[in-house]
2 protein chains.
Amino acid sequence: MARPRTFDEERALEAAMRAFWAVGYEATTTEDLCAATGLGRSSVYNTFRSKRELFEKALAHYMEVRTAAVLDLLGSDLPTREKIRALLWQTVDADPDDPDGCLVVNTMVEVAPRDPKIAECLRRDHDRRLEALRRAFLAGQRAGEIDGDRNPDDLACFVIATITGMRVLVRGGADRAAVEAVANTALRAF
Amino acid sequence: MARPRTFDEERALEAAMRAFWAVGYEATTTEDLCAATGLGRSSVYNTFRSKRELFEKALAHYMEVRTAAVLDLLGSDLPTREKIRALLWQTVDADPDDPDGCLVVNTMVEVAPRDPKIAECLRRDHDRRLEALRRAFLAGQRAGEIDGDRNPDDLACFVIATITGMRVLVRGGADRAAVEAVANTALRAF
DNA sequence: CTCATTTTGAACAGATCTATCCAAAAGTCA
DNA sequence: TGACTTTTGGATAGATCTGTTCAAAATGAG
């Protein structure tokens, strides 16, 4: 009954996400977003309403995909230590086609402190990953792989902090050996 | 022989530094900088030439002060593990009057990937802290406090990554208990 | 084919941001 | 006091950025 779109909204969202990821929220202009998505301004604004809403959607998309992968991994039947090792290695062996670092980390640094709504989105995502990690450590303790005296919540926080630190180092241009050293050292903390 | 300034350049730099620290480079406007320093636009531009150069000076000032404190601590005669504990506690017990997080970390995330000059400044600062940590771990190994089989460089990288991760968590609004848990867990990695 | 509806491109409006300009104010030194 | 120099505030220039408008193009339904 009407003219159909010539683009795939999901692909456009993915492209916008990568632009924000690479350059940051403030430094990404609406023209950058047009170039990245291949759309005109009208299409961008028709589809996503504003730069701000597009960013929210892009961030939500990022968290959905990435956190799902983390939950999958942590829900697998690997030994707990192997789960954590694989998790850390996601950062050591990051896809070279992806921008450096992590959109969640970048957003926590750049946007969250002055934007309560974004901060709340990040907090919810953080809690999901924290809970999955906690469960993994608890399972590891029940299986006798992890020292039962440790607090699973503390270990979960530690893993998240370690990955966050690695992501920042990578974004700062650290070489692979340094990132690998961090991961291997962290694995000895529990 | 001419009219003297009514302000202290160092204090103005400090105020600008805190503005960039709190809000980020892009989101800090020149008007924010005037408000933070208490200077007019003319004075700001007369003294610091541009927003960009002011930022470079502010970042350099931050690194000078903070890294000096780190080097002092690591050069003290505390046992190595106590040095590291004190270092981690600088983040756990951050001054409540300071903005959340760390200007170096924020800059590594927001600015470094698209600004080689800034990235180089950060790299030099990074190397100084890394080297001081490496020496501390080496001394700890010679004193028999730290396992001699570990690679001091790896341990130094790990400590930096841990602190970086903690800084980001704090900036994201993490509560003190979580940050403390990260620090205590990290101390068990070596 | 024709009508109704949506998409699309290009121009444009309005706000904001960085930086400059210029004259008045203020201090120093003779 | 008076000449000289720098600072300072306010206005403004020029660029850039977000978001809107509008008419033409495109497409499916009847």
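First the proteins, then the strands, lettered A, B, ... as listed; each starts at 1. Keep in mind that the numbers below use all heavy atoms, side chains included, and drop hydrogens, waters and symmetry copies. All of these numbers come straight from a predicted model, not from anything done at the bench.
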Rounded distance in Å - CZ (B:Arg3) to P (D:dT6) | 13 Å

Listed in order of residue number, which residues of residues 4-12 of chain B have a non-hydrogen atom at under 4.0 Å from DNA chain D?
-> B:Arg5, B:Thr6, B:Phe7

Show every donor-acceptor pair shorter than 3.5 Å between a side-chain atom in residues 173-181 of chain B and any protein atom, with sequence neighbours excluded, or say none if there are none.
{"residue": "B:Asp175", "atom": "OD1", "partner": "B:Ala178", "partner atom": "N", "Å": "3.2"}
{"residue": "B:Arg176", "atom": "NE", "partner": "B:Glu180", "partner atom": "OE1", "Å": "3.1"}
{"residue": "B:Arg176", "atom": "NH1", "partner": "B:Asp93", "partner atom": "OD1", "Å": "2.5"}
{"residue": "B:Arg176", "atom": "NH2", "partner": "B:Asp93", "partner atom": "OD1", "Å": "3.1"}

List for me each residue that meets side-chain hydrogen bond (donor to acceptor under 3.5 Å, both in side chains) alongside B:Arg81, sequence neighbours excluded, and say none if there are none.
-> none

Sub-4.0 Å heavy-atom contacts from residues 27-39 of chain A onto DNA chain D, ordered by number = A:Thr28, A:Thr29, A:Thr30

Would you mind listing every ring pair (Phe, Tyr, Trp, His ring centres under 6.0 Å) that reaches into residues 106-127 of chain B, with sequence neighbours excluded?
-> none

More than 12 foreign heavy atoms under 6.0 Å from CG of B:Asp77: is that the case here?
-> no

Partners of B:Pro79 by side-chain contact (heavy atoms from CB on, under 4.5 Å), sequence neighbours excluded?
-> B:Glu82, B:Glu145

Which pairs, with at least one residue in residues 56-105 of chain A and sequence neighbours excluded, count as a ring pair (Phe, Tyr, Trp, His ring centres under 6.0 Å)?
-> A:Trp21-A:Tyr62

Show me the donor-acceptor pairs, under 3.5 Å and distance only, between side chains in residues 65-72 of chain B and residues at least two apart or in other chains.
{"residue": "B:Arg66", "atom": "NH2", "partner": "B:Asp98", "partner atom": "OD2", "Å": "3.4"}
{"residue": "B:Thr67", "atom": "OG1", "partner": "B:Met63", "partner atom": "O", "Å": "2.9"}
{"residue": "B:Thr67", "atom": "OG1", "partner": "B:Asp125", "partner atom": "OD1", "Å": "2.5"}

The complete set of ring pair (Phe, Tyr, Trp, His ring centres under 6.0 Å) pairs with one or both residues in residues 168-187 of chain A, sequence neighbours excluded, reads none

Report, one line per pair, each donor and acceptor closer than 3.5 Å where one atom sits in a side chain of residues 146-158 of chain A; sequence neighbours left out.
{"residue": "A:Asp147", "atom": "OD1", "partner": "A:Asp149", "partner atom": "N", "Å": "2.9"}
{"residue": "A:Arg150", "atom": "NH1", "partner": "A:Ala189", "partner atom": "O", "Å": "3.0"}
{"residue": "A:Asn151", "atom": "OD1", "partner": "A:Asp153", "partner atom": "N", "Å": "2.8"}

Validation: residues 130-137 of chain B side-chain donor-acceptor distances under 3.5 Å, sequence neighbours left out:
{"residue": "B:Glu131", "atom": "OE1", "partner": "B:Arg134", "partner atom": "NE", "Å": "3.1"}
{"residue": "B:Glu131", "atom": "OE2", "partner": "B:Arg134", "partner atom": "NH2", "Å": "3.1"}
{"residue": "B:Glu131", "atom": "OE2", "partner": "B:Arg135", "partner atom": "NE", "Å": "3.3"}
{"residue": "B:Glu131", "atom": "OE2", "partner": "B:Arg135", "partner atom": "NH2", "Å": "3.4"}

In residues 40-55 of chain B, which residues come under 4.0 Å of DNA chain C by heavy atom?
-> B:Arg41, B:Ser42, B:Tyr45, B:Ser50, B:Lys51

